[in-house]
Amino acid sequence: MFEELDYQSLISRTFTELYGSSPAIVVRAPGRINLIGEHTDYNNGFVFPAAINREIIFAMSPSTRPDTSLFALNINKGALVNHKKLVPKSNPAWTNFFTGVVAGLQRRGFEIPPVNCVFGGDIPNGAGLSSSAALEVGFGTALTQLFGLSVEPWDIIQIAQKAEHEFVGVKCGIMDMFASKMGKKDHAMLLDCRDLTFDYYPLQLQDHSLLLIDTRVKHSLASSEYNTRRLECELGVTVLKKHKPEANSLRDFNSFEVEELADELPENVFRRCRFVTGEIERTQAAARDLKKGDLLAFGKKMNDTHRGLSADYEVSCRELDFLAAEAARFPDEIPGARMMGGGFGGCTINIIKKEFEEEFKRHIELSFTKQFHTAPNFYDISIQDGASVIS
Ligand code: GLA
């Protein structure tokens with residue numbers, strides 16, 4: 001992985017130039033894909049993510065100054081974080097990822113001294129590959145390793161999620177942080193978001209590979225609509241619960257129950273609940289397909305997920321629908337394709353025959369550009385380990 005090595009030395013070198021000595025620790029944290037199971041995590045359902053070969057690298061040492069000093073290599077900007085005043089900031093907003101993590105560790109009783117930190121990497125921003133989770137998980141991992149704190153991986157995952165909720169303002173589920181921390185090379189993970197148990201599944205795609213196609217669309221709607229979807233699901237539970245008082249989340253209903261009670265739900269809330277309950281069932285069935293090596297059945301479920309996210313959950317956009325429809329024109333070569341992540345832009349994930357990949361990229365490059373007057377990006381993905389110390 002040429003790119004990764006390059007970043008690593010660049011970041012260490014920048015650290016030495018800025019702070020006058022080499023970093024005490026270098027840590028990496030990957031982005032993630034999700035095979036299937038979208039918008040299910042905050043509904044206590046199943047997700048099926050994996051960590052990928054796109055990552056953020058952190059070089060860090062303790063500091064003798066009063067504030068933490070951060071330098072973001074990709075944007076060539078620095079900022080300070082005052083550990084005595086850990087509050088969200090609107091300018092520069094990117095420090096919130098870090099402030100949130102320090103606050104989370106302190107809340108658990110760890111006194112975190114200031115550090116110097118340079119970070120950067122090759123997870124495209126806003127592409128739905130969870131660069132934010134990688135920032136939080138990577139920074140948390142680096143701090144706990146640097147100061148030898150006894151913190152479990154699940155603590156870091158939960159601290160990272162809380163940082164996102166309280167400092168960044170997105171009420172995300174647990175999937176992204178979980179994948180960035182617990183990923184395992186060449187494996188996807190079926191996580192039950194209700195009890196946080198999970199299993200590693202070898203990702204054997206036979207003569208297929210994983211291709212991400214990035215629309216490069218970044219809708220400002222993404223975080224507000226995301227939070228709205230979450231509220232709509234909660235409203236659905238409040239109504240459905242009248243028939244099942246012991247239920248706490250959409251996980252406690254199946255898709256038949258939702259259909260039966262359709263009349264009691266506002267129309268859009270019904271469609272949200274129909275999607276989520278169907279998606280939770282589909283994800284479990286898809287995991288069984290993968291275990292059997294039935295890529296056709298698995299891919300068909302990915303296609304169904306796209307339709308549901310677009311029509312029922314309404315988190316797609318024209319560019320994503322276009323890419324999914326183009327992929328569906330080649331069912332023999334592309335068993336499955338769908339939009340991935342929170343939505344309103346970002347990438348589609350495609351399971352594609354290796355021998356067809358170059359031809360399809362050329363086809364999409366032309367057709368997408370013709371339609372939208374801008375070219376998409378392509379990322380070839382391999383599955384890697386979760387966050388770790390490099391040196
Ligand atoms: C974003 C969130 C995740 C998850 C997905 C949708 O990536 O951060 O928690 O809800 O959207 O599946």
Side-chain angles (χ1 to χ4, degrees), residues 29-52 54 96-97 100 123-137 157-183 188-194 196 198 212 214-215 217-219 221-234 249-251 272 275-280 282-284 286 301-302 304-306 308-310 312-317 320 338-349:
R32 64 106 188 86
I33 53 161
N34 185 24
L35 294 174
I36 194 162
E38 221 63 271
H39 289 274
T40 46
D41 55 359
Y42 55 85
N43 287 302
N44 275 350
F46 288 88
V47 290
F48 208 5
I52 58 173
R54 295 267 173 167
N96 290 331
F97 299 108
I123 309 180
N125 203 352
L129 303 182
S130 297
S131 53
S132 359
L135 279 178
E136 293 146 352
V137 164
I157 293 169
Q158 278 157 351
I159 287 170
Q161 186 192 22
K162 218 165 171 144
E164 193 79 22
H165 285 198
E166 294 177 0
F167 284 74
V168 183
V170 180
K171 299 271 179 209
C172 65
I174 196 91
M175 168 170 74
D176 306 347
M177 293 79 191
F178 162 78
S180 184
K181 188 74 190 158
M182 306 303 264
M189 299 166 284
L190 183 70
L191 170 69
D192 182 338
C193 300
R194 180 161 63 187
L196 303 183
F198 64 99
L212 300 182
D214 185 358
T215 59
V217 172
K218 300 176 175 76
H219 278 300
L221 274 181
S223 50
S224 62
E225 285 295 316
Y226 184 92
N227 291 346
T228 305
R229 292 298 172 282
R230 204 174 166 139
L231 290 174
E232 287 165 344
C233 292
E234 282 166 17
S249 66
L250 285 179
R251 169 68 179 280
R272 310 296 189 244
F275 169 74
V276 169
T277 49
E279 180 74 352
I280 292 172
R282 201 160 31 239
T283 303
Q284 291 166 278
K301 293 187 178 65
M302 290 173 70
D304 291 344
T305 293
H306 184 84
L309 286 168
S310 183
D312 273 356
Y313 217 63
E314 296 182 284
V315 290
S316 187
C317 62
L320 288 167
R338 64 176 195 84
M339 59 153 287
M340 190 181 75
F344 302 101
C347 295
T348 59
I349 175 169

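Ligands are counted one by one from 1 in listed order, and the atoms in each one are counted from 1 as well. What you see below is based on every heavy atom in this structure, not just the backbone, and it leaves out hydrogens, waters and symmetry mates.
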Next on the checklist: Check this for me: does any side-chain nitrogen of one of Arg229 and Glu314 sit under 4.0 Å from a carboxylate oxygen of the other?
Outcome noted: no
Checklist entry - Which atoms form the tightest heavy-atom contact between Met340 and Gly128, and what is the distance? => result CE-O, 3.9 Å
Next on the checklist: Please enumerate all residues that pass side chain to side chain contact (heavy atoms under 4.5 Å, CB included) together with Ala134, with sequence neighbours excluded.
Outcome noted: Ala29, Ile56, Ile123, Ser180
Next on the checklist: For His39 and Phe275, I'd like to know if the aromatic rings sit close, meaning centre-to-centre distance below 6.0 Å.
Outcome noted: no
Checklist entry - Contact residues of ligand 1 with a heavy-atom cut-off of under 4.0 Å? => result Arg32, Glu38, His39, Asp41, Tyr42, Cys172, Gly173, Met175, Asp176, Tyr226, Gly341, Gly342
Checklist entry - Do the side chains of Phe344 and Lys218 get nearer than 4.5 Å, heavy atoms only? => result no
Checklist entry - Hey, are Thr305 and Arg282 close enough side-chain-wise for a donor-acceptor pair under 3.5 Å? => result yes
